[in-house]
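Single-structure report; data block below.
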There are 2 protein chains.
Amino acid sequence: MTRKRFDDMGCSVACALNEVGDWWSLLVVKQAMLGTRRFVDFQHSLGIAKNILCNRLSRLVDNGVMVRVDVGEHGKRYEYRLTDKGRDLFTVVTALRQWSERWNGEKDAMQLVDGQSGEPLAPVVVQNQQGTVLTVRDVRFVDEEGTPLEQAG
Amino acid sequence: MTRKRFDDMGCSVACALNEVGDWWSLLVVKQAMLGTRRFVDFQHSLGIAKNILCNRLSRLVDNGVMVRVDVGEHGKRYEYRLTDKGRDLFTVVTALRQWSERWNGEKDAMQLVDGQSGEPLAPVVVQNQQGTVLTVRDVRFVDEEGTPLEQAG
DNA sequence: CAGAATGGTTGCATTAAGAAACTAAATAAG
DNA sequence: CTTATTTAGTTTCTTAATGCAACCATTCTG
């Protein structure tokens, strides 16, 4: 009676959620994007229990989202760093952050700005090849032959 | 010893995950974007237990992501539909889908295309106001006064 | 009226999460 | 060299979440 597996549902979204779909994983990734690298720093900044953090970091490493680097420095022996795959979650985390700010208000003292200009970022959007912004009503879901499925509501 | 609450951490991402950060919620939303509206259809297409589906739908309705509509038709009495807030998760779901396809390969028989042209969508990206694509290394995290925090790795 | 479909609820077993205590290795202080 | 401290865990115990199956009340279908 183990938890349902999402990686064999024939769905990319389910497959993604199988890796980072729990309560903590994306928060760990977000914190890593803020620059956090060490175990204790994740623990204190997130307020996560040590055994859970341990488990989440192991899973993220197993899934190639983070790497565990041995640094023989001071009392800190390991660092957890994002891989390219992990850094590529920036879009997901940013979309999630903006969604929350739009619908739940600004709960965050922190703001994300362009490193060059210092200006706020543009909203993350779905676009077609020409750069036109698309909503869920503007897209079709088709199978490999191009046959359309039912439409969104 | 209840589950940690994420809505009072002073973090927008945590706040978002408090609403849709469990294993099932985003999959229900994704399925709704595919056109699924009825309880049994969610149940069969996702392979989710009825009590869990019941709980997730209630939570999504409570959080304003979906609405429960009474339709006195055939044996189907209710429909669950996305609200504007729910439809706005399209960006998140699409980013997650594309991330999974990039790093885990195409596990999905289904494809997302522009409803007009039938072409595949552009990758979801983070941009600045001018439309320049930004990675996590190109942004800064600042507090309300504009003071920068540590940088990402 | 009988049976099926819909949208649930309840009970039980298993797994995950959270808090606190404990451990082991490396470092720092004295 | 010895002791304390920091780091990165593991273990134990309690509570919450998940999954399965059975059950239930309406509403349709035959």
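Just so it is clear, the model here is predicted, and its values are computed rather than measured. What's counted below: heavy atoms across the whole structure, side chains too, no hydrogens, waters or symmetry copies. Order of the sequence lines fixes the chain letters, A, B, ..., with proteins taken first and strands second; residue numbering starts at 1 for each chain.
Between the CH2 atom of B:Trp23 and the CZ atom of B:Arg56 there is a distance of 12.0 Å, given to the nearest 0.5 Å. The CG atom of B:Leu82 sits 12.5 Å away from the NZ atom of B:Lys30 when rounded to the nearest 0.5 Å. Summarising the geometry, atom CG belonging to A:Leu121 is positioned 11.5 Å from atom OG1 belonging to B:Thr132; distances are rounded to the nearest 0.5 Å. Residue A:Leu89 holds its CG atom at 5.5 Å from CE of A:Met33, rounded to the nearest 0.5 Å.
Between A:Arg56 and C:dA16 there is no side-chain polar atom (N or O) within less than 4.0 angstrom of OP1 or OP2. Phosphate proximity of C:dT6 to B:Arg38: present, with a side-chain N or O under 4.0 Å from OP1 or OP2.
Heavy-atom distances under 4.0 Å link DNA chain C to A:Trp24 of residues 10-29 of chain A, given in residue order.
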Considering only nitrogen or oxygen atoms on both sides, find all protein atoms under 3.5 Å from nucleotides 8-10 of chain C and state each distance.
residue : atom : partner : partner atom : Å
C:dG8   : OP1  : B:Arg68 : NH2          : 2.7
C:dG8   : OP2  : B:Tyr80 : OH           : 2.4
C:dG8   : N7   : B:Lys50 : NZ           : 2.9
C:dG8   : O6   : B:Lys50 : NZ           : 2.7

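With A:Glu19 contributing its side chain and A:Leu60 its backbone, the two residues share no donor-acceptor pair below 3.5 Å. At distances below 3.5 Å, not a single donor-acceptor pair connects side-chain atoms of A:Asp41 with backbone N or O atoms of A:Thr36.
In this entry the distance linking CZ of B:Arg3 with P of C:dA19 reads 12 Å, nearest Å. Here C:dT27 presents its P atom at 10 Å from CG of A:Asp70, a figure rounded to the nearest Å. In this structure, B:Ile48 places its CD1 atom 14 Å from C1' of C:dG7, rounding to the nearest Å. Here C:dT15 presents its P atom at 16 Å from CD1 of A:Ile52, a figure rounded to the nearest Å.
Around the CD atom of B:Gln116, the shell of radius 6.0 Å holds no more than 12 heavy atoms that belong to other residues, nucleotides or ligands.
Taking the centre of each ring, B:Trp24 and A:Phe6 come in below the 6.0 Å mark.
In the model, B:Tyr80 has no side-chain atom that pairs as donor or acceptor with a side-chain atom of B:Arg37 under 3.5 Å. In this model, a donor atom of one side chain and an acceptor atom of the other lie less than 3.5 Å apart for A:Thr135 and A:Asp138.
Rounded to 10 degrees, the angle between the two end axes of the helix from C:dC1-D:dG30 to C:dG30-D:dC1 is 20°, with five pairs used at each end.
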